[in-house]
Amino acid sequence: MADKRAKRIAKFIKPLRVKPGSQVDLCDFDPRYKAGMKKREGIELLQTGVSLLAEYQARLAAQDTHGVLLCLQALDAGGKDGTIRHVMSGVNPQGVHVTSFKVPSTEELDHDYLWRYARKLPARGEIAIFNRSHYEEVLVVRVHPENLNRQRLPESALGASIWDRRYREINDWERYLTDNGFTVVKIFLNLSKEEQRTRFLKRIDLPDKNWKFSAADVRERRYWDDYQEAFSEMLSATSTPWAPWYVVPADRKWFARICAGAVLAHTLIKIDPHYPVVGDQARRDLLATRRDLEEEAPEGAPADPYKAEHGLPDGGDEQ
Ligand code: ATP
Ligand code: MG
């Protein structure tokens, strides 16, 4: 059963994965693509993904060996927040950390550019979600080079080759993380310009959404083409066999959420974490403790209330 679900998910996300080494032009990706799916079927698939995630996250935490980093990138109104909310709806909040990366602080700018991201990496057993990520360092920083001036790099670290160097450094960093038990997976929510316009207008039209509206976001829209180019180059250079990018069609929120859930579920399935099995001695110790606890049963109470309630036979090593 789990295997069937795993196969279905793997097949579903395959077309979204950016093949390492391929040249990406975002124009080739349709933000309205929905794999011929109806919304109703989609919701059912999302539920499958969410229950799988809950199951695998519990095992990831129990095994305490691997960690997962999910990076989410999108242009404004791309739906990052809603995606995180829906995809993570079934998991234990103790095992997940979400960090939103904004304009860097003075302290952050006083360090190398990966410093603030490194501080928020997952521990073993955890899933960390980056809402915006180290990829801002080759996106907004590239589109608005004044951000680079604020980073106060030495002369020798500047120049036209800086972006290729950053791609290499990011790939190397992710490789290092992967080699040490931390899986990195990256999702780009691919929104169309027209859908972004519609979402901005909705934020103006509906009073409940006014708080979400930002004039700065509309100003940023003027750089749409520059961003598309920066995204295309970044996807081409940093989708690696160890940390692939997935381009998720984002014009339909429900579809984007299914895709993101499926990508994360697939990642966990591949890690395949297991509950630790206790050794023979530890098992014998458990049984001895059980005998002690059974002897403490008050008058009239079953020796082992759990066993009694679940109809398990007395004594022995059954669980
Ligand atoms: P929301 O609007 O849904 O709250 P958001 O991610 O857009 O989410 P904002 O506070 O609106 O959050 O924007 C954060 C801003 O920080 C973005 O414009 C982003 O480009 C900018 N930013 C993130 N990382 C960097 C960076 N390294 N250098 C410069 N700007 C950055
Ligand atoms: Mg914003």
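Note that these values count all heavy atoms, side chains included, but never hydrogens, waters or copies made by symmetry. For ligands, and for the atoms within them, numbers begin at 1 and follow the listed sequence.
At least one heavy atom of Pro104 lies less than 4.0 angstrom from ligand 1.
Nearest protein heavy-atom neighbour of atom 27 (N) of ligand 1: Glu137 OE2, 2.9 Å. Among protein heavy atoms, the minimum distance from atom 11 (O) of ligand 1 is reached at Asp217 OD1, 4.6 Å. Scanning the protein for heavy atoms near atom 29 (C) of ligand 1, the closest one is Asn147 OD1, 3.4 Å.
Residue Val141 approaches ligand 1 through these ligand atoms, each under 4.0 Å from one of its heavy atoms: 28 (N). Near Asp76, with a cut-off below 4.0 Å to any heavy atom, the atoms of ligand 1 are 7 (O). Shown in contact with Phe101 at under 4.0 Å from a heavy atom are these atoms of ligand 1, numbered in order with element: 23 (C). Atoms of ligand 1 found under 4.0 Å from any heavy atom of Tyr117, numbered from 1 in the order shown, are 27 (N).
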Run the side chain to side chain contact (heavy atoms under 4.5 Å, CB included) test on Gln281 and Asp285 for me, step by step, so that the C-alpha distance in whole Å, both residues' side-chain angles and the decisive distance to 0.1 Å come before the verdict.
CA-CA 6 Å; Gln281 183 55 48; Asp285 292 347; 3.0 Å; yes

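Remark: of the listed residues Phe29, Tyr135, Phe188, Tyr135 is the sole one forming a ring-ring contact (aromatic ring centres under 6.0 Å, His included) with Trp245.
Between Asp81 and Arg85, no side-chain nitrogen of the basic residue sits less than 4.0 Å from a carboxylate oxygen of the acidic one, so the salt-bridge criterion is not met. The pair Asp76-Arg132 counts as a salt bridge, with a side-chain nitrogen and a carboxylate oxygen less than 4.0 angstrom apart. The pair Glu136-Arg142 does not meet the salt-bridge criterion, since no charged nitrogen lies less than 4.0 angstrom from a carboxylate oxygen. A salt bridge links Asp272 with Arg59: the closest approach of a Lys/Arg side-chain nitrogen to an acidic carboxylate oxygen falls below 4.0 angstrom.
The closest heavy-atom contact to atom 24 (N) of ligand 1, among the options Arg116, Arg150, Lys212, comes from Arg116. Of the candidates Val103, Val140, Asp81, the one placing a heavy atom closest to atom 3 (O) of ligand 1 is Asp81. Selection from His144, Glu220, Lys102, Glu136 by nearest heavy atom to atom 4 (O) of ligand 1 gives Lys102.
A side-chain donor-acceptor contact under 3.5 Å links Asn147 and Arg150.
The CD1 atom of Ile43 sits 8.0 Å away from atom CH2 of Trp254, with the distance rounded to the nearest 0.5 Å.
Residue-level proximity to ligand 1 for Arg132 is carried by the side chain, the only part with a heavy atom below 4.0 angstrom.
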